[in-house]
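Heads up, the thing below is written out as structure tokens.
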Amino acid sequence: MKHTQGKWSVKQTDLKKAVVCGDMTIASNLYDENKNPPIEEIDANANLIALAPEMLEVLKKLEDVFDRMRWGKTKYLDMIQKVIARAEEK
């Protein structure tokens, strides 16, 4: 399955954070009133979610580098492929 294409970013809405792509909300309500996490944790979580598409792209490029360098199957290549598969639900 493909993720929503485009630049994901963090948007502040009242006291809550949301991850958006254009006018589409990817994730919202990134604040849990019951647990009251520090704002730094909320910001870090939102930023991590927003960067997910770029991180996936980097992993795919690294997978290609491993293939072109003919390093064979390494534990790092295996980790990269597993993360890509999970991200793409393969």
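- Residues Val83 and Met79 share a hydrophobic cluster, clusters being chains of Ile/Leu/Val/Met/Phe/Trp/Tyr side chains in contact below 4.5 Å.
- In this structure, Leu77 CG and Glu63 CD are separated by 6.5 Å, a value rounded to the nearest 0.5 Å.
- For the pair Trp8 and Ala52, the tightest heavy-atom approach, listed with the atom from each and the gap, is CZ3-CB, 4.5 Å.
- Contacts of Arg68 classified as salt bridge (charged side-chain N to carboxylate O under 4.0 Å, His left out), with partners at least two apart in sequence or in another chain: Asp64.
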Could you pull out all donor-acceptor pairs under 3.5 Å where a side-chain atom in residues 19-28 meets a protein atom, sequence neighbours excluded?
none

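- A chain of hydrophobic side-chain contacts below 4.5 Å, direct or via other Ile, Leu, Val, Met, Phe, Trp or Tyr residues, connects Ile84 to Val65.
- Scored by the salt bridge (charged side-chain N to carboxylate O under 4.0 Å, His left out) test, Lys7 finds Glu54 as partners (sequence neighbours excluded).
- Among residues at least two apart or in separate chains, ring-ring contact (aromatic ring centres under 6.0 Å, His included) pairs with a member in residues 47-67 are Phe66-Trp71.
- Under the rule for a side chain to side chain donor-acceptor pair (under 3.5 Å), the partners of Lys82 that lie at least two apart in sequence or sit in another chain are Asp78.
- For the side chain to side chain contact (heavy atoms under 4.5 Å, CB included) test with Ile80, the passing option among Leu59, Thr74, Val58 is Leu59; the others fail.
- Residue Leu56 holds its CG atom at 11.0 Å from NZ of Lys61, rounded to the nearest 0.5 Å.
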Output side-chain donor-acceptor pairs under 3.5 Å for residues 40-49, partner residues at least two apart or in another chain, one line each.
{"residue": "Asp43", "atom": "OD1", "partner": "Lys17", "partner atom": "NZ", "Å": "2.9"}
{"residue": "Asn45", "atom": "ND2", "partner": "Glu41", "partner atom": "O", "Å": "3.4"}
{"residue": "Asn47", "atom": "ND2", "partner": "Asp43", "partner atom": "O", "Å": "3.2"}

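- Taking the salt bridge (charged side-chain N to carboxylate O under 4.0 Å, His left out) definition, one finds that Lys60 meets it with Glu88, sequence neighbours left out.
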